[in-house]
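Report on the following structure.
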Amino acid sequence: MNWDQIFSRLSVTGVTLLLAGVLLSLYATKLVRFIFRERGERLVLPVRILGLAIAVFGAVVLLDFIPGL
């Protein structure tokens with residue numbers, strides 16, 4: 001198996017969006033508390049949902065359902 005050919009076909013945009021979305025979903029609580037202090041407790045769920053949406057979009061780009069990205 002030639003790993004160079006496999007990695008050359010991966011989309012950098014898709015990998016970046018997938019990783020950013022996963023990290024945003026995992027660390028939503030810490031990020032919201034850091035930015036908004038005590039007022040941000042209600043924003044944890046929307047930030048997690050946004051992170052999951054970004055991760056799904058990155059996976060769609062990575063799987064080449066949207067060609068050219």
Side-chain angles (χ1 to χ4, degrees):
M1 189 176 289
N2 193 353
W3 289 102
D4 291 333
Q5 289 179 346
I6 293 172
F7 288 133
S8 69
R9 295 200 55 183
L10 291 178
S11 170
V12 175
T13 307
V15 171
T16 305
L17 285 172
L18 183 64
L19 289 176
V22 167
L23 290 175
L24 185 61
S25 294
L26 287 177
Y27 295 110
T29 305
K30 291 182 182 180
L31 181 67
V32 168
R33 284 184 185 165
F34 178 73
I35 294 174
F36 295 107
R37 308 285 180 230
E38 287 85 27
R39 299 175 306 185
E41 287 295 323
R42 296 185 331 191
L43 293 175
V44 173
L45 185 63
V47 169
R48 281 193 178 163
I49 292 172
L50 179 67
L52 288 173
I54 291 171
V56 167
F57 183 69
V60 166
V61 169
L62 191 60
L63 292 172
D64 210 22
F65 287 124
I66 302 174
L69 287 179

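Atom CG of D64 and atom CG of L10 lie 10.5 Å apart (nearest 0.5 Å). With rounding to the nearest 0.5 Å, the separation of CG in L63 from CG in L18 is 9.0 Å.
Here side chain to side chain donor-acceptor pair (under 3.5 Å) pairs that include residues 21-31, with residues two or more places apart or in two chains, are T29-R48.
Under a hydrophobic clustering in which Ile, Leu, Val, Met, Phe, Trp and Tyr are joined whenever their side-chain heavy atoms come within less than 4.5 Å, directly or via other members, L24 and V60 fall into the same cluster. Hydrophobic cluster membership is shared by L31 and I54, with clusters built from Ile, Leu, Val, Met, Phe, Trp and Tyr side chains linked at under 4.5 angstrom.
Proximity of a side-chain donor or acceptor of R37 to a complementary backbone N or O of F34 within less than 3.5 Å is detected.
Take V32 and apply the side-chain contact (heavy atoms from CB on, under 4.5 Å) test, not counting sequence neighbours, and it matches F36, L43, V44, V47.
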